[in-house]
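Worksheet: the structure to be examined is printed underneath.
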Amino acid sequence: AQSVTQPDARVTVSEGASLQLRCKYSSSGTPYLFWYVQYPRQGLQLLLKYYSGDPVVQGVNGFEAEFSKSNSSFHLRKASVHWSDSAVYFCVLSSTGGNNKLTFGQGTVLSVIP
Amino acid sequence: DMKVTQMPRYLIKRMGENVLLECGQDMSHETMYWYRQDPGLGLQLIYISYDVDSNSEGDIPKGYRVSRKKREHFSLILDSAKTNQTSVYFCASSLGGGLYAEQFFGPGTRLTVL
């Protein structure tokens with residue numbers, strides 16, 4: 001069995017501030033982790049992904065995430081947010097123990113205020 | 001232009017009516033998916049299709065069926081819709097169905113069952 005928990009349903013930050021969105025996962029096999037973003041009235045788009053190697057992965061639009069096996073975490077970060085980053089962010093898990101299916105976190109709604 | 005399209009975007013039906021949601025992709029992806037998104041639950045996999053006439057149940061298949069007669073089209077059918085099937089439905093496709101295959105999502109169909 002596998003699961004993903006995003007403990008923060010909503011996060012509000014000021015424009016220009018730094019950001020961290022938290023993600024914890026549970027997996028019986030080797031985890032493959034993704035962050036997807038959903039802008040209003042749109043489908044999900046891939047931000048970044050981690051398979052192996054360097055635990056810090058870079059994504060689009062200045063986002064990065066850090067994988068920690070010891071903490072079972074895959075937190076998303078950005079040094080300076082822009083109002084256009086306001087969206088819903090999903091942490092997603094695929095693993096060798098998950099029958100090739102994706103498991104989605106509940107999502108974190110990010111609001112960037114001017 | 002890599003794209004996943006969904007029709008219709010909005011649909012209102014009465015309980016007991018049949019519903020057909022259509023999805024198309026222009027990337028020749030073998031694997032296609034249907035998800036539903038409910039508040040606070042992330043995305044839940046309804047069905048996955050590995051190619052024409054090769055479909056498998058996802059995590060919540062009850063009350064749904066699918067059809068894939070061409071690689072580029074994947075339909076979701078609700079026979080006798082129920083009010084608890086009110087949701088936003090997303091179609092996605094990927095090149096292969098491997099553990100780390102990026103999924104491309106359509107814009108979603110918002111279905112209301114009265």
Side-chain angles (χ1 to χ4, degrees), chain A residues 1-10 21 23-25 27-53 57 59-60 65 67 74 87-109, chain B residues 2-10 21 23-25 27 29-51 54-61 74 87-110:
Chain A
Q2 58 186 39
S3 66
V4 176
T5 301
Q6 294 179 244
D8 304 309
R10 294 184 174 273
L21 301 182
C23 172
K24 299 276 284 185
Y25 71 89
S27 169
S28 57
T30 302
Y32 300 83
L33 291 151
F34 309 78
W35 276 98
Y36 280 82
V37 60
Q38 183 180 27
Y39 297 105
R41 293 173 296 281
Q42 295 185 29
L44 282 70
Q45 303 170 32
L46 182 67
L47 269 182
L48 47 79
K49 55 192 175 187
Y50 172 80
Y51 303 151
S52 64
V57 291
V60 299
F67 169 74
F74 189 56
V88 183
Y89 292 79
F90 291 95
C91 182
V92 183
L93 168 69
S94 173
S95 77
T96 53
N99 294 324
N100 286 2
K101 295 175 186 172
L102 297 184
T103 298
F104 288 77
Q106 303 92 325
T108 297
V109 179
Chain B
M2 300 188 298
K3 207 171 183 180
V4 178
T5 58
Q6 290 186 238
M7 291 293 289
R9 293 293 311 276
Y10 301 89
L21 305 184
C23 174
Q25 50 98 359
M27 297 168 279
H29 285 168
E30 304 98 326
T31 310
M32 297 186 74
Y33 313 78
W34 276 108
Y35 295 91
R36 63 178 283 175
Q37 182 180 30
D38 299 294
L41 291 180
L43 271 69
Q44 298 173 273
L45 180 65
I46 304 171
Y47 267 94
I48 181 171
S49 174
Y50 296 102
D51 213 326
S54 179
N55 306 318
S56 291
E57 294 181 346
D59 298 319
I60 53 164
F74 190 34
S87 187
V88 181
Y89 290 87
F90 286 98
C91 174
S93 72
S94 66
L95 185 64
L99 292 169
Y100 39 81
E102 177 183 352
Q103 293 189 20
F104 293 81
F105 286 82
T109 294
R110 184 174 294 274

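Letters go in sequence order (proteins before strands), and every chain restarts at 1.
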Under 4.5 Å to a heavy atom of chain A? For R110(B) that would be neither

In this structure, CD of E102(B) is separated from CZ of F34(A) (nearest 0.5 Å) by 8.5 Å

Highest number of heavy-atom pairs under 4.5 Å with chain B among G107(A), G105(A), G43(A), A9(A) belongs to G43(A)

Okay, Q38(A) and chain B: the region with an atom under 4.5 Å from a heavy atom over there is side chain

>> Could you tell me if the side chain of L43(B) sits less than 4.5 Å from the side chain of L102(A), heavy atoms only?
In response: no

Applying a strict 4.5 Å limit to non-hydrogen atoms, the region of F104(B) in contact with chain A is neither

Does any N or O in the side chain of Y32(A) come within less than 3.5 Å of the main-chain N or O of A101(B), such that one atom is a donor and the other an acceptor?
no

The interface call for Y50(A) against chain B, heavy-atom contacts under 4.5 Å, is neither

Interatomic distance, CZ@F104(A) vs CG@L45(B), rounded to 0.5 Å, equals 8.5 Å

Whatever's closer than 4.5 Å to a heavy atom in chain A on Q37(B) counts as side chain

Quick check: do F105(B) and Q42(A) have side-chain heavy atoms less than 4.5 Å from each other? no

Rounding to 0.5 Å, atoms CZ (R9(B)) and CZ (R41(A)) come to a distance of 9.5 Å

